[in-house]
Amino acid sequence: YWNLGVNSNRAFQIIRDIWFATSIELPVNIFMEAPTIRRMAAAIYDGTGLVAPDLVRLRDGNEDAPLFLFPGGGGVLIELTDLVRALDYPGVVYGIPFSGLDGVGPTYDRFETEAERSLRLIRQVQPIGPYRLVGYSIGGITALETARKIMKEGNETVFLGLIDTPQNDHSWPFKVWLAFILRKYVSKLRNMRLRQVMRRTPHKSAPCKIAIGPRRRGTQIEFRFRNPHHPNYPYCSPYWVAHHTPNYGQVGANACRMKGLYTPSRYDAKLFFFATAGGDPWVCDPEDVWPKYLPNAEWLRLPGNHLSLMIGRNAVRLAKEISERLKQVAPPAEPRLASHDMSPSRGPSSVLVQPDRLNGSV
């Protein structure tokens, strides 16, 4: 798949096409489990591809110094591929996606609950610290709350990295929110006028398939005043998209609700915040809202925007910054295994750890 140029958007399209053609819904992280067409077909045939592992082994390495990555969105590990390949770190690398991607496991609407689940998964492969946690986008909130729980238990979290992690609109100070909205809509009006001037022929929209889920409702101006407990709240989020398959759509809706219900609080330990120069068009600059909650954060500005940061040379630059700080703050012990192989022919392996199902909880 990597040789064919499959990225996260193309992966979603493949999963949607399979769903429309066969009514079989594959978990989005099937591309990490079965990275070739032949292996994916075999996983569909024998049913193993329908199960979403709770903990995914992204790269081999020293088992005594694991690095845990928390993806953004609804737990899409494909977005982390370029970053994982570029990391100069000898430890094994795991990915912890959100629960419920296969429609079987429980789904949560609180980051604190996701953090409890993540900590249980981490403990099964690393009973004692030091711990190394890195979270991208809203996955950074799960990483932050997981680190907070570890700290409360008396264990030191040696390394915590947040990558362009946002807060919800409800948490922004009103002045920050108002300035963001004004800049956003002034820019939108300018772009509309520019398109009208440059347009020579009527715009033709490409045909698309019928949306699977509810379409987005309302504008971002209204969204700040929405009630996160309302059943339709996720469909009012600027991040909501309607064309995902049912299981992923449910996880995405829960992620939108988790973000809305989240109330940030002070975290006094040392951490690194990797923010983009281009930012995210849907949220304010993180340095406008996070410093009072993260007083000991070291801020680093990187080229690109929220999406391009995880791709190509921007991901290589980010990986270099993370790797250097891992070596400075949390250097691993003498590695027992330090393989960096992520070739498409072999593919990353996974650990099928599902404590929630074993315990019978829903």
Could you check whether Lys327 pairs with Asp88 (Lys NZ or Arg NE/NH1/NH2 to Asp/Glu carboxylate O, under 4.0 Å)? yes
Nearest-0.5 Å distance, CD1 of residue Ile14 to CG of residue Asn9: 11.0 Å
Could I get the full list of side-chain hydrogen bond (donor to acceptor under 3.5 Å, both in side chains) partners for Asp46, not counting sequence neighbours? Thr48
Quick check against the 3.5 Å criterion: does Arg148 have a side-chain atom that pairs as donor or acceptor with the backbone of Arg266? yes
Which atom pair, heavy atoms only, marks the closest approach of Met258 to Asp109? CG-C, 3.0 Å
Exercise: do Gln250 and Asn254 side chains pair donor with acceptor under 3.5 Å: yes
I'd like to know whether Arg57 forms a salt bridge (charged side-chain N to carboxylate O under 4.0 Å, His left out) with Glu63, so could you lay out the CA-CA distance, the side-chain angles of the two residues, the decisive distance to 0.1 Å, and finally the verdict. CA-CA 11 Å; Arg57 191 184 185 100; Glu63 300 285 353; 2.4 Å; yes
Are Phe174 and Ile181 connected in the hydrophobic side-chain network, where two residues link if heavy atoms are under 4.5 Å apart? yes
Taken in chain and number order and not counting sequence neighbours, the residues that satisfy side chain to side chain contact (heavy atoms under 4.5 Å, CB included) with Glu79 are Ser8, Val76, Tyr136
What distance separates Ser265 OG from Leu144 CG, expressed to the nearest 0.5 Å? 7.5 Å
According to the interplanar angle, ranging from 0 to 90°, do the rings of Phe111 and Tyr262 count as parallel (below 30°), tilted (30 to 60°) or perpendicular (above 60°)? perpendicular
Classify the ring geometry between Tyr235 and Trp240 as parallel (under 30°), tilted (30 to 60°) or perpendicular (over 60°). perpendicular
Run the side chain to side chain contact (heavy atoms under 4.5 Å, CB included) test against Pro234 and tell me which residues pass, sequence neighbours left out. Ala253, Cys256, Arg257
I need the full list of ring-ring contact (aromatic ring centres under 6.0 Å, His included) pairs touching residues 34-81, with sequence neighbours left out, sorted by first then second residue. Phe68-Tyr94
Qualifying residues under side-chain hydrogen bond (donor to acceptor under 3.5 Å, both in side chains), relative to Tyr267, sequence neighbours excluded: none
Report yes or no: does Asp102 contribute a side-chain atom to a donor-acceptor pair with the main-chain N or O of Val51 at less than 3.5 Å? no
According to salt bridge (Lys or Arg N to Asp or Glu O under 4.0 Å), who are the partners of Asp288, at least two apart in sequence or on a separate chain? none
Here the side-chain hydrogen bond (donor to acceptor under 3.5 Å, both in side chains) pairs for residues 173-184, sequence neighbours left out, are none
Kindly state whether the ring of His306 and the ring of Tyr239 have centres lying under 6.0 angstrom apart. no
Is Arg117 salt-bridged to Glu114, cutoff N-O under 4.0 Å? yes
All side chain to side chain contact (heavy atoms under 4.5 Å, CB included) counterparts of Cys284, not counting sequence neighbours: Trp172, Val176, Phe180, Val289
Checking Tyr248 now: which residues fulfil ring-ring contact (aromatic ring centres under 6.0 Å, His included) with it, not counting sequence neighbours? Phe12, His244
Validation: residues 270-278 side-chain donor-acceptor distances under 3.5 Å, sequence neighbours left out:
{"unit_1": "Lys270", "atom_1": "NZ", "unit_2": "Glu298", "atom_2": "OE1", "d": "3.3"}
{"unit_1": "Thr276", "atom_1": "OG1", "unit_2": "Asp164", "atom_2": "OD1", "d": "3.4"}
{"unit_1": "Thr276", "atom_1": "OG1", "unit_2": "Asp164", "atom_2": "OD2", "d": "3.0"}
{"unit_1": "Thr276", "atom_1": "OG1", "unit_2": "Gly279", "atom_2": "N", "d": "3.0"}

Residues that Leu50 engages under side chain to side chain contact (heavy atoms under 4.5 Å, CB included), provided they are two or more places apart: Ile24, Leu26
Sequence neighbours excluded and cut-off under 3.5 Å, please list the side-chain donor-acceptor pairs for residues 311-320, or say none.
{"unit_1": "Asn314", "atom_1": "ND2", "unit_2": "Ser308", "atom_2": "O", "d": "3.2"}
{"unit_1": "Arg317", "atom_1": "NE", "unit_2": "Glu321", "atom_2": "OE2", "d": "3.4"}

Examine the side chains of Arg325 and Gln328 and answer whether a donor and an acceptor come within less than 3.5 Å of each other. no
So which atom in Pro264 and which in Tyr293 form the shortest heavy-atom distance, rounded to 0.1 Å? O-CE2, 3.6 Å
